[in-house]
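As a basis for the values below, the full set of heavy atoms in this structure was taken, side chains included, without hydrogen atoms, waters or symmetry mates. Naming: A, B, ... by sequence-line order, numbering from 1 per chain.
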2 protein chains.
Amino acid sequence: MPSTVQKKPRQQTPPSVQLLSCAPHVVLTHLGDKWTILVVLLLARAPENRLRFSEIKRGVQGISQRMLTLTLRMLERNGLVLRHYYSEVPPRVEYELSAMGKSMLYPLEVFTGWIGENWQAMQQARERYDAREDRTP
Amino acid sequence: MPSTVQKKPRQQTPPSVQLLSCAPHVVLTHLGDKWTILVVLLLARAPENRLRFSEIKRGVQGISQRMLTLTLRMLERNGLVLRHYYSEVPPRVEYELSAMGKSMLYPLEVFTGWIGENWQAMQQARERYDAREDRTP
DNA sequence: CCGTATCCGACACGATACTG
DNA sequence: CAGTATCGTGTCGGATACGG
């Protein structure tokens with residue numbers, strides 16, 4: 001591939017700001033998966049931000065055991081959640097938001113707050129869009 | 001089920017607490033997909049929050065034409081982006097953040113700000129986690 | 001230039017079954 | 001109770017080609 005970076009074949013808009021799929025964006029992508037946020041929000045409401053596996057399972061409507069395990073592993077791996085294992089019979093495991101996990105709650109609330117204020121408008125926009133017929137090519 | 005109060009350091013979770021995969025969460029899931037946030041952030045930086053299709057394509061590293069189209073359609077459908085079509089030859093299309101789209105920028109910055117301050121810590125947590133051998137069952 | 005159509009592989013996710 | 005293991009499927013997203 002010949003490098004033509006030095007040449008400006010045509011005058012084009014501002015010197016291209018380029019966004020890479022950087023680490024922060026990857027984080028956001030992970031948090032945006034199907035269950036992570038719901039689990040975090042549930043822990044946020046819990047006393048001491050701490051719940052048993054089965055409590056989370058009951059609290060997050062529709063999550064499978066497999067996906068809950070994977071979600072919690074991911075959160076633990078990223079240091080957002082602490083895993084406390086008690087080798088009793090039957091075993092008991094509790095999950096707790098770490099300090100970093102708790103520090104995420106405010107930004108998360110700001111965002112979910114915005115969504116709460118705007119999702120009806122989005123809903124309406126969708127309906128308007130879908131009703132349109134004069135879609136331009 | 002006998003109610004035992006002893007050795008229960010904390011109270012049980014109220015059974016009423018249940019999180020559904022509600023509309024706000026769905027929104028967050030959409031925004032958390034592979035490209036949406038990057039496109040929004042690029043528009044946020046642009047003069048008048050407005051760019052041509054090809055400018056966005058160049059600005060978002062690695063995005064395919066197909067995915068950019070789909071991403072922009074989704075943003076337009078949800079009312080976050082406005083599409084301006086000019087039937088010239090060759091045609092020109094510009095995309096602009098709507099008022100609602102702009103109103104998202106602050107919440108987004110709060111969130112990306114938090115990520116910016118914490119993603120190294122997450123990285124380290126991951127490395128620590130992966131290096132561990134004493135994983136509890 | 002700005003899309004749409006089609007094919008296809010990868011993987012996220014669910015269902016189920018089985019252990020310590 | 002709190003996980004693993006395994007398998008099947010739907011969807012996401014990349015590559016490519018074509019069209020207005």
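The shortest distance between the side-chain N/O atoms of Lys34(B) and the OP1/OP2 oxygens of dG14(D) is below 4.0 Å. Between Thr69(A) and dT4(D) there is no side-chain polar atom (N or O) within less than 4.0 angstrom of OP1 or OP2. Listed pair Arg52(B) / dC1(C) fails the phosphate criterion, with no side-chain N or O lying under 4.0 Å from OP1 or OP2. Within the structure, every side-chain polar atom (N or O) of Arg66(A) is placed at least 4.0 Å from both OP1 and OP2 of dA12(C).
Across the interface with DNA chain C, nearest-nucleotide mapping of Met67(A) and Tyr85(B) shows Tyr85(B) to be the residue nearer the 5′ end. Along DNA chain C, the nucleotide closest to Pro90(A) and the one closest to Gly62(A) are compared, and the more 5′ of them pairs with Gly62(A).
Tyr95(B) comes within contact range of the sugar-phosphate backbone alone, with a heavy-atom separation under 4.0 Å but no base atom that close.
No side-chain heavy atom of Val40(A) sits less than 4.5 Å from a side-chain heavy atom of Leu31(A).
For the residue pair Trp114(B) and Met100(A), the shortest heavy atom distance occurs at CZ2-O, 3.7 Å.
Which of dC1(D), dC1(C), dA5(C) sits closest to the side chain of Pro91(A) comes down to dC1(D).
The distance from atom CD of Gln61(B) to atom P of dG14(D) is 12 Å, rounded to the nearest whole Å. Nucleotide dA12(C) holds its P atom 16 Å from the CH2 atom of Trp35(A), rounded to whole Å. In this structure, CG of Leu68(B) is placed 16 Å from C1' of dA15(D), rounded to the nearest angstrom. For the pair Leu70(B) CG and dA5(C) C1', the interatomic distance rounds to 12 Å; values are reported in whole Å. Atom CG of Asp33(B) is separated from atom P of dG14(D) by 11 Å (rounded to the nearest Å). Put simply, CZ on Arg73(A) is 9 Å from C1' on dA2(D), counting in whole angstrom units. Rounded to a whole Å, the CD atom of Glu88(A) is 13 Å from the P atom of dC1(D). If you take CZ of Arg92(B) and C1' of dG20(D), they are 18 Å apart, rounded to a whole angstrom.
Between Phe111(A) and Phe111(B), the ring planes are perpendicular. Angles over 60° get that label, and only those under 30° would be called parallel.
Side-chain contact, Arg83(A) with Thr136(B): a donor N or O sits under 3.5 Å from an acceptor N or O.
In this structure, the side chain of Ser98(A) engages the main chain of Leu80(A) through a donor-acceptor pair within 3.5 Å.
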